Amino acid sequence: MIRRRHVFYVEGYDPRGADGYYRMFAREWKQFGPTWGVRADLGKLEIDSQHFAHWNIDTAAANWQVAVRYEFLRLEDPIRRHIARPLVRQISDALWWTVMDLATGTMFRIVRAAWRFALHLALIQGLLVAWLVVAAAGGVVSGFAAARLADLPTWAAAALGIAGGVACLHGLRPLAVRWLVIQVANCWPNVRRFARGAASGFDPYAEACARRLVEAARDADADEIVLVSHSAGCAVSPVIMARAFEIDPDLGRHGPAIVMLTLGSLMPGFALHPSAHRLRAAMRSLAREPSLFWLDCQARKDPMNFWEFDPIAGCGIDLGAERRNPAVWVLRMRDMLTDDIYDRMRFNHFRMHYQFIMGNNRRAEYDYNLLICGPLPIREYVRFQARIPHSFSADGSFLTETIEARELN
């Protein structure tokens, strides 16, 4: 049974950062206690440094209690710097990403791996191109009107046309932000840079997290140390964990158990690019690491992840008998939510993508809050799966006989 757990969370490409994520976590946390019948206390957000924030969590029932330190890696700083760059730079990077994904065959590999995810990318790329086409059309109409109606010379009409196009581009930016075109179009070029080992702004944060994880393991205050990542953060977390094993090759062989969770992962989308040498090297080393338990959670209902996809073999990494990781857990999101809430949210793709890290309002095999704050080692949740909802009584007590019954079968 776990008494103390230390969680490191690597966010997806989201500029909301620690404050925004904590508000979401706190909102979803309110469902945990009533769903499982446990006492669930959430501490306040504390900003520790440029790299980290944290909050403490205490959960308990009659026969167990768990204290969790939840550390948040503050990638919002480089993400906000990316999004604050001149719009021309952001658009040129996004167009280069689109063209190179086609030129290198990456987009076709993504289609083969997860066609629904490829449609999501194609939609964002199509919206980006439509934005530029509409802005260009606005510039042409402005220049034509200036030439015909105001009878301006050609050079003046051209200047007004360019000004009109730029005005349209910036005028449509709020819509591009609302539809997440800006966010996604910044995500892929910059995380691709990180995946190949180029400058992206993420490296100091990844190094700080790796060293902090090793420090936590050496302190041995926790029974289990968990590196959690979601969405695009799953392309950063393998590099962090691989670096931690470089710093301390005995990590996981002494002290706390070491776990890595990749939830709703976009990692294959980055690893399938031929230049993603750093990311694939990290995946290769972790896939053969026996002292790490790596769990990759996927769900069919989320079109923005790679469902029923082997992230190692599917990315061309062949380890044969050396392979140890990851375990793949395919989830049913319908089981996590009551029918009325599920029916209301099922077509909101971004909401379903975030369900991996949100609260359930019904007991299910997978519950993010139970996974990181419950009394069982994380590998046990995967091992017993269908028995988990029935392994806790109405008052949250852990019923050991349900697990013992599974052992006898």
Side-chain angles (χ1 to χ4, degrees), residues 12-15 75-115 117-140 162 165-203 205-206 231-236 239 265-282 304 306 315-316:
Y13 198 90
D14 191 338
L75 295 179
E76 70 265 26
D77 288 343
I79 292 171
R80 288 169 182 171
R81 287 197 297 270
H82 296 158
I83 295 175
R85 295 177 302 163
L87 192 55
V88 172
R89 175 73 184 279
Q90 296 181 53
I91 290 173
S92 63
D93 276 1
L95 290 175
W96 183 249
W97 153 56
T98 302
V99 170
M100 291 308 296
D101 267 21
L102 291 172
T104 61
T106 302
M107 192 61 174
F108 300 106
R109 288 189 286 274
I110 291 175
V111 170
R112 288 198 300 268
W115 65 268
F117 180 77
L119 284 179
H120 156 71
L121 280 188
L123 174 61
I124 295 295
Q125 292 169 340
L127 288 173
L128 173 67
V129 172
W131 180 22
L132 298 178
V133 168
V134 170
V140 170
I162 293 171
V166 171
C168 286
L169 190 68
H170 284 275
L172 291 170
R173 180 170 182 163
L175 196 58
V177 171
R178 180 179 178 182
W179 289 351
L180 301 179
V181 175
I182 292 285
Q183 186 173 328
V184 175
N186 273 281
C187 169
W188 282 86
N190 285 294
V191 180
R192 282 222 190 283
R193 289 188 182 101
F194 180 81
R196 70 173 182 263
S200 63
F202 295 136
D203 290 81
Y205 296 83
S231 193
C234 300
V236 178
V239 175
S265 173
L266 306 191
M267 176 179 57
F270 297 99
L272 286 169
H273 195 284
S275 70
H277 305 298
R278 174 162 66 176
L279 177 56
R280 283 198 301 275
M304 295 170 59
F306 285 70
C315 291

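Source: prediction; values computed, not measured.
Contact annotation: the side chain of Leu132 approaches that of Leu95 to within less than 4.5 Å [non-hydrogen atoms, C-beta and beyond]. Between Asn186 and Ile79, the closest side-chain pair of non-hydrogen atoms is not below 4.5 Å. Inter-residue side-chain proximity for Leu272 and Cys315 is flagged as met; some heavy-atom pair is nearer than 4.5 Å. Counting heavy atoms from C-beta outward, Arg278 and Phe194 have side chains that approach closer than 4.5 Å. Two residues are said to be in side-chain contact when any heavy atoms from C-beta on lie closer than 4.5 Å; Leu102 and Gln125 fail this criterion.
When all heavy atoms of Ala271 and Ala276 are compared, the pair lying nearest together is CA-CB, 4.1 Å. Closest approach of Asn190 and Ser200 over heavy atoms only: O-CB, 3.5 Å. Between Arg80 and Pro15 the shortest heavy-atom distance is NE-O, 2.8 Å. Leu87 and Trp131 get closest at one heavy-atom pair: CD1-CH2, 3.8 Å. Between Tyr205 and Leu75, the shortest heavy-atom distance links the atoms CB-CD2, 3.6 Å. Shown here for Met100 and His273, the closest heavy-atom pair between the two residues is O-NE2, 4.5 Å.
Considering only residues two or more places apart in sequence or on other chains, Leu121 meets the side chain to side chain contact (heavy atoms under 4.5 Å, CB included) condition with Trp97, Met107, Ile110, Phe117, Trp188. Residues that satisfy the salt bridge (Lys or Arg N to Asp or Glu O under 4.0 Å) test with Arg85, not counting sequence neighbours, are Asp93.
Ring geometry for His82 versus Phe202: interplanar angle over 60°, hence perpendicular rather than tilted (30 to 60°).
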Evaluate the side-chain contact (heavy atoms from CB on, under 4.5 Å) criterion for residues Ser231 and Leu266: first the C-alpha distance (whole Å), next the side-chain angles of each, then the deciding distance (0.1 Å), finally the verdict.
CA-CA 5 Å; Ser231 193; Leu266 306 191; 3.6 Å; yes
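To the nearest 0.5 Å, atoms CD (Gln90) and CD1 (Ile182) are separated by 5.0 Å. To the nearest 0.5 Å, the span separating CZ on Arg193 from CG on Asp203 amounts to 12.5 Å. Note that OG of Ser265 and CE of Met304 are 12.0 Å apart. Values are rounded to the nearest 0.5 Å.
Checked by atom type, the side-chain pair Arg89/Ser92 shows no donor-acceptor distance below 3.5 Å.
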